[in-house]
Amino acid sequence: MKNLEYCSTDSFAGDSQYVQELKKISFVLCKNNSCILLKGERGTGKRLFALLVHIQGKNNPEDFFELDCRAYSEQEIQKFFELVSQLPSYEFLRKTIFISSVENLSSGLQQKLMELMNGIRAEKKNLRFIFSTQVNLEDKIDQGLFSNDLYYLMSTVPVNLLPLRQRKEDIPAIAGYFFGRLKAKTGIPFEGFSQEAKDVMLNYFWQGNIDELKNAVTRAFIVGEPPFIKTSDMALKAGTGSEESVLGTVQNLGEDRTLKNAVNVFKKAYVTRVLEENGWNQTKTAKILGIQRTYVIRLIDELGIRK
């Protein structure tokens, strides 16, 4: 059970059609026990959406149970499944089981999960499962790495969460939401963002999406000085991390303009960034990239990646 403090409809800030649709969907889903599969990149708000569905149903916050399949051993995950199977059920209070990074489950645990879900359904327990993934599970099924039966069992209602770069109109509102919370919490008399900061935020690539934006605003409150937050306070630079800079990298390949070289240049930059974000921990990096740790080691060697 984790802190649910920043879960409300206001957490999905913005006036875009996408945000309005998400809020409508969450309001419908909070009323039933349908299995939900949340798809999207890291940091797009999958956990936040799961929390929103649970809280909007006027359920007890303590009845939200979550498991990150990247963070626990096979034995620990199996114990979690056993705990869930023993949860009591109440007619008017629904429990939510949120299982993230479900693509990391072994074939044995996938079978255990199916048995758990079928058992709970047979007992007609007032319990909802919500799953999330950062990868295309259909590809995993084609590769024989994920159960087709489990996929259809968990994806009664699939919901796609878009990255920030595909809904830039919401960035000012999201940044403003975090700004307001931090100003109220710290009492630091910031008046807002500088115009340059606003422009850079709109054009930044935001690979870590909402999580990265939240961290950037938080950093500004730690190192910045009023009255306005500057791009340097958030450790952002004009053009850095933007789609334009990715294209710029390709345009600066030199004489070797082949697709193979362009892919390698991008691959090196991307893998290096994920390694840096995870303190150069190869195991964590492999999980985020969706590959084996041995392949990460090979890429580091082949691409000449250095700290």
Side-chain angles (χ1 to χ4, degrees), residues 2 11-12 18 22 25-26 29 35-53 66-74 76-77 80 96-107 109-110 113 129-148 150-167 170 174 204-215 241 243 246 266-267 269-296 299:
K2 296 182 181 177
S11 302
F12 280 94
Y18 165 76
L22 270 188
I25 292 170
S26 69
L29 293 177
C35 289
I36 305 167
L37 176 61
L38 306 177
K39 305 177 182 180
E41 295 178 8
R42 179 173 62 90
T44 47
K46 296 184 291 295
R47 176 178 179 269
L48 183 58
F49 184 84
L51 285 169
L52 184 60
V53 170
E66 58 186 302
L67 171 73
D68 184 345
C69 297
R70 296 173 302 178
Y72 296 97
S73 68
E74 186 146 337
E76 289 171 323
I77 294 174
F80 179 85
T96 297
I97 311 301
F98 176 52
I99 301 180
S100 60
S101 302
V102 69
E103 68 273 9
N104 289 285
L105 289 176
S106 67
S107 58
L109 287 175
Q110 290 175 38
L113 179 56
F129 281 94
I130 303 179
F131 304 92
S132 76
T133 182
Q134 296 180 29
V135 305
N136 187 327
L137 289 178
E138 289 91 338
D139 289 343
K140 292 283 187 181
I141 293 170
D142 292 341
Q143 296 164 17
L145 300 175
F146 202 84
S147 166
N148 188 60
L150 176 58
Y151 176 75
Y152 286 110
L153 191 60
M154 68 170 58
S155 59
T156 304
V157 182
V159 179
N160 291 306
L161 295 171
L162 298 179
L164 283 182
R165 60 184 175 276
Q166 292 183 20
R167 54 185 188 106
D170 292 326
I174 297 171
Y204 198 74
F205 191 72
W206 297 116
Q207 187 168 311
N209 293 293
I210 296 172
D211 288 348
E212 186 179 5
L213 177 55
K214 179 185 178 184
N215 290 339
E243 295 176 65
V246 173
F266 173 78
K267 193 184 294 184
Y270 182 65
V271 174
T272 300
R273 179 161 181 169
V274 177
L275 280 164
E276 289 173 345
E277 290 175 350
N278 290 278
W280 292 84
N281 184 303
Q282 296 172 357
T283 301
K284 290 182 179 178
T285 298
K287 287 182 177 179
I288 291 172
L289 295 176
I291 59 178
Q292 297 295 320
R293 179 175 175 272
T294 52
Y295 189 42
V296 172
L299 286 174

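Closest heavy-atom contact between Trp280 and Thr272: CH2-CG2, 4.3 Å. Heavy atoms only, all atoms of each residue included: Val135 and Thr133 are closest at N-OG1, 3.2 Å. Nearest heavy-atom pair, Glu103 versus Ser132, reported as atom, atom and distance to 0.1 Å: OE1-O, 4.1 Å. When all heavy atoms are compared, the tightest approach of Val102 to Phe146 is O-CE1, 3.6 Å.
Arg47 CZ to Asp68 CG: the interatomic distance, rounded to the nearest 0.5 Å, is 10.5 Å. Note that CG of Asn215 and CD of Glu212 are 8.0 Å apart. Values are rounded to the nearest 0.5 Å. Rounding to the nearest 0.5 Å places CD1 of Ile97 at 10.5 Å from CD of Glu66. For the atom pair CG (Leu161) and CG (Leu22), the distance works out to 6.0 Å, reported to the nearest 0.5 Å. To the nearest 0.5 angstrom, Leu48 atom CG is 7.0 Å from Ile210 atom CD1. A distance of 7.0 Å separates CG in Leu137 from CE in Met154, rounded to the nearest 0.5 Å.
A salt bridge does not link Asp211 to Lys214: none of the charged side-chain nitrogens sits closer than 4.0 Å to a carboxylate oxygen.
Remark: Gln292 CD is loosely packed, at most 12 non-hydrogen atoms of other residues, nucleotides or ligands lying under 6.0 Å away.
The side-chain heavy atoms of Leu213 and Tyr204, taken from C-beta on, include no pair separated by under 4.5 Å. Between Leu105 and Phe131, the closest side-chain pair of non-hydrogen atoms is not below 4.5 Å.
Judged by distance alone, the side chain of Ser147 and the main-chain N or O of Leu150 form a donor-acceptor pair under 3.5 Å. Looking at Gln166, its side chain never comes within 3.5 Å of a backbone N or O of Pro163 through a donor-acceptor pair. Although no hydrogens or angles enter the test, the distance criterion places no donor-acceptor pair under 3.5 Å between the side chain of Ser101 and the main chain of Asn104. No side-chain donor-acceptor contact under 3.5 Å links Gln207 to the backbone of Tyr270.
A donor atom on one side chain and an acceptor atom on the other are not found under 3.5 Å apart for Gln282 and Thr285.
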Checking side chain to side chain contact (heavy atoms under 4.5 Å, CB included) for the pair Phe129/Ile36: CA distance, chi angles, key distance, verdict? CA-CA 7 Å; Phe129 281 94; Ile36 305 167; over 6 Å; no
Could you walk me through whether Leu145 and Asp139 satisfy the side chain to side chain contact (heavy atoms under 4.5 Å, CB included) test, starting with their C-alpha distance in whole Å, then the side-chain angles of each, then the deciding distance to 0.1 Å, before giving a yes or no? CA-CA 9 Å; Leu145 300 175; Asp139 289 343; over 6 Å; no
What do the steps show when you test Tyr72 against Leu67 for side chain to side chain contact (heavy atoms under 4.5 Å, CB included), and what is the final call? CA-CA 8 Å; Tyr72 296 97; Leu67 171 73; 3.7 Å; yes
Start with the C-alpha distance between Thr96 and Val53, add both sets of side-chain angles, then the distance that settles side chain to side chain contact (heavy atoms under 4.5 Å, CB included), and finish with yes or no. CA-CA 9 Å; Thr96 297; Val53 170; 5.9 Å; no
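The side chain to side chain contact (heavy atoms under 4.5 Å, CB included) check on Thr156 picks up Ser34, Cys35, with sequence neighbours excluded.
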Return all side-chain donor-acceptor pairs below 3.5 angstrom for residues 37-44, not counting sequence neighbours, or 'none' if the list is empty.
residue: Lys39; atom: NZ; partner: Tyr151; partner atom: OH; Å: 3.3
residue: Glu41; atom: OE1; partner: Arg165; partner atom: NH1; Å: 3.3
residue: Glu41; atom: OE1; partner: Arg165; partner atom: NH2; Å: 3.3
residue: Glu41; atom: OE1; partner: Asn209; partner atom: ND2; Å: 3.3
residue: Glu41; atom: OE2; partner: Arg165; partner atom: NH2; Å: 2.3
residue: Arg42; atom: NH2; partner: Glu277; partner atom: OE1; Å: 2.7
residue: Thr44; atom: OG1; partner: Glu41; partner atom: O; Å: 2.7

